[in-house]
2 protein chains.
Amino acid sequence: MEPEILELESFLPYRLYRLADAVSREFSRIYKDSHGLTRPEWRTLSGLGQRGTMTATELGEQSAMHKTKVSRAVAELERRRWLTRTPDENDRRVEHLTLTKAGLAAYREMVPLAKAFEQALLAKLGADERAAIVKGVLSLEIALGTRQRLSPGECKTVAAKG
Amino acid sequence: MEPEILELESFLPYRLYRLADAVSREFSRIYKDSHGLTRPEWRTLSGLGQRGTMTATELGEQSAMHKTKVSRAVAELERRRWLTRTPDENDRRVEHLTLTKAGLAAYREMVPLAKAFEQALLAKLGADERAAIVKGVLSLEIALGTRQRLSPGECKTVAAKG
DNA sequence: TTCTGATGGTTACAAATGAAACGAGTTTGG
DNA sequence: CCAAACTCGTTTCATTTGTAACCATCAGAA
């Protein structure tokens, strides 16, 4: 019996990783070149900009980061005076994190760039291909249980699934 | 005008990265738990198992790894006596890498596990969802120019695209 | 030939990462 | 009340990674 070989270039885990890596590397220029942020720092900024105030634990859940990454990213953004910590009144272990004016300004500056990046990426695809990647990614998220929460636009897709 | 916010959970670069990370982490148990391989080492093993003999540069291209990763992975696999280096006769900078019997044995042991992993992953999806993720990933690879080479099964898909 | 620049691959150093231990605070159960 | 167990977040340490410098070799041009 002929020994099996694995074609790496067709292997989905590899392809997914390579794709995500390429996209992420490209996107990182937006926050790295302009402000010297790392990915954890960008995600922290983005999370707080989006939600307003969060604890470090919540940030970790929302942005899928290990707590040490959160801790270090928060420390760096605090050093830049882009966020402040407010002790929780009931539980002194907890700190509520909020962007400062400077942090919010940086966030608001980057949001349009991020959206434009995503649009440009999707614009390279045909309509059916866009639909395919969105549907495929969503279905894998659900299958793996890494789904976080449904965005308005996706509810229809999920509903249509049933 | 209301300031724009970015919904991280719906942002494609983030979702792709998180998904790939989850899949890759899960898959890494196959080569990490059983043989203590790192991802670069696994890719090196996989590349050589698939192609038989390659140079470090070729390995880097095939498996999308930086040359320092390749260099270190090759050094480790050589230390394990899983591969050997053969100097090129015409160009003394080049070494041809080949798996030893032990390396090949490890490769052949892991290939079915890898394939089973991929099958199990896809089995969690419906037929249309499987088609969607394959089509979506392929179209993004093409759009980004990270495509490496067409596997037999994909030729139809690409051809049908035109 | 000899100079220049490109290439294959390794190494050195700094930065990013993850696992585990940690201190401080809180909750639970006796 | 008190001790064990748990949680929040930080820090320590070892490993992994990327950038850049590096050595050796090769190819091309003067």
Side-chain angles (χ1 to χ4, degrees), chain A residues 17-18 20-22 24-29 31-33 35-45 47-48 53-80 83-98, chain B residues 17-18 20-22 24-26 28-29 31-33 35-44 47-48 53-80 83-98:
Chain A
Y17 193 93
R18 186 160 52 83
D21 195 57
S24 179
R25 270 183 144 73
E26 189 66 30
F27 178 64
S28 76
R29 299 156 57 87
Y31 52 78
K32 193 168 218 166
D33 291 358
H35 290 102
L37 294 179
T38 63
R39 184 167 45 222
E41 285 156 17
W42 150 252
R43 285 194 187 170
T44 298
L45 181 72
L48 293 179
T53 291
M54 275 194 284
T55 68
T57 300
E58 289 167 347
L59 251 173
E61 289 165 1
Q62 196 229 356
S63 56
M65 293 193 294
H66 191 267
K67 61 180 180 176
T68 59
K69 277 189 186 171
V70 175
S71 176
R72 292 188 259 242
V74 166
E76 170 58 22
L77 293 189
E78 183 187 33
R79 196 196 61 72
R80 286 179 185 236
L83 66 75
T84 56
R85 310 177 194 239
T86 310
D88 184 281
E89 299 192 339
N90 302 325
D91 188 339
R92 281 185 292 171
R93 294 169 303 181
V94 176
E95 289 170 327
H96 299 277
L97 308 166
T98 313
Chain B
Y17 193 92
R18 186 159 51 83
D21 195 56
S24 179
R25 270 182 145 71
E26 189 67 30
S28 75
R29 298 156 57 85
Y31 51 78
K32 192 168 220 168
D33 291 359
H35 290 102
L37 295 179
T38 63
R39 184 167 47 222
E41 286 156 17
W42 150 252
R43 285 193 188 169
T44 299
L48 293 179
T53 290
M54 276 194 283
T55 68
T57 299
E58 289 167 345
L59 251 173
E61 288 165 2
Q62 195 229 356
S63 56
M65 293 193 294
H66 191 267
K67 61 180 180 175
T68 59
K69 276 189 188 173
V70 175
S71 176
R72 292 187 261 241
V74 166
E76 168 60 20
L77 293 188
E78 184 187 32
R79 197 196 59 72
R80 286 180 186 235
L83 66 75
T84 57
R85 309 177 194 240
T86 309
D88 184 281
E89 300 192 338
N90 301 327
D91 187 338
R92 279 185 294 169
R93 295 169 300 180
V94 177
E95 289 170 326
H96 299 278
L97 308 167
T98 314

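The figures that follow rest on heavy atoms only: side chains count, while hydrogens, waters and symmetry mates do not. Throughout, a chain's letter reflects where its sequence line sits, starting with A, and its residues are numbered from 1.
- Atom CE in Met65(A) sits roughly 15 Å away from atom P in dA19(C) (whole-Å rounding).
- Partners of Glu61(A) under the side chain to side chain contact (heavy atoms under 4.5 Å, CB included) rule, at least two apart in sequence or in another chain, are Thr57(A).
- Checked by atom type, the side-chain pair Thr98(B)/Thr53(B) shows a donor-acceptor distance below 3.5 Å.
- Residue Glu76(A) contributes atom CD, which lies 17 Å from atom C1' of dT11(D) at whole-angstrom precision.
- Arg18(A) pairs by the side chain to side chain donor-acceptor pair (under 3.5 Å) definition with Tyr14(A), not counting sequence neighbours.
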Q) What is the per-nucleotide protein-contact pattern of nucleotides 15-25 of chain D, from the 5' end, where B denotes a base atom under 4.0 Å from a protein heavy atom, S denotes such proximity for sugar-phosphate atoms only, and - denotes neither? A) -SBBBB---BB
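- Shown here are the side chain to side chain contact (heavy atoms under 4.5 Å, CB included) partners of Asp88(A), two or more places apart in sequence or in another chain: Asn90(A), Asp91(A), Val94(A), His96(A).
- Judged by distance alone, with hydrogens and angles left aside, the side-chain atoms of Ser71(A) form no donor-acceptor pair with the main-chain N or O of Thr68(A) at under 3.5 Å.
- When the nearest nucleotides of DNA chain D are assigned to Thr55(A) and Glu89(B) by heavy-atom distance, the more 5′-ward of the two goes with Thr55(A).
- The distance from atom CG of Leu97(B) to atom P of dG9(C) is 7 Å, rounded to the nearest whole Å.
- Distance CE/Met65(A) to OG1/Thr44(A): 3.5 Å, rounded to 0.5 Å.
- Following rounding to the nearest Å, Asp88(A) (CG) and dT7(D) (P) show an atom-to-atom distance of 17 Å.
- Counting only Watson-Crick and G-U wobble pairs whose two key distances fall under 3.5 Å, DNA chain C forms stems of three or more stacked pairs at C:1-30 with D:1-30.
- In this structure a side-chain-to-backbone donor-acceptor pair under 3.5 Å is missing from Gln62(A) to Leu59(A).
- Atom P of nucleotide dC26(D) and atom CD of Glu95(B) are separated by 13 Å, given to the nearest angstrom.
- Arg39(A) meets the side chain to side chain contact (heavy atoms under 4.5 Å, CB included) test with Ser24(A), Tyr31(A), Arg43(A), Tyr17(B); sequence neighbours excluded.
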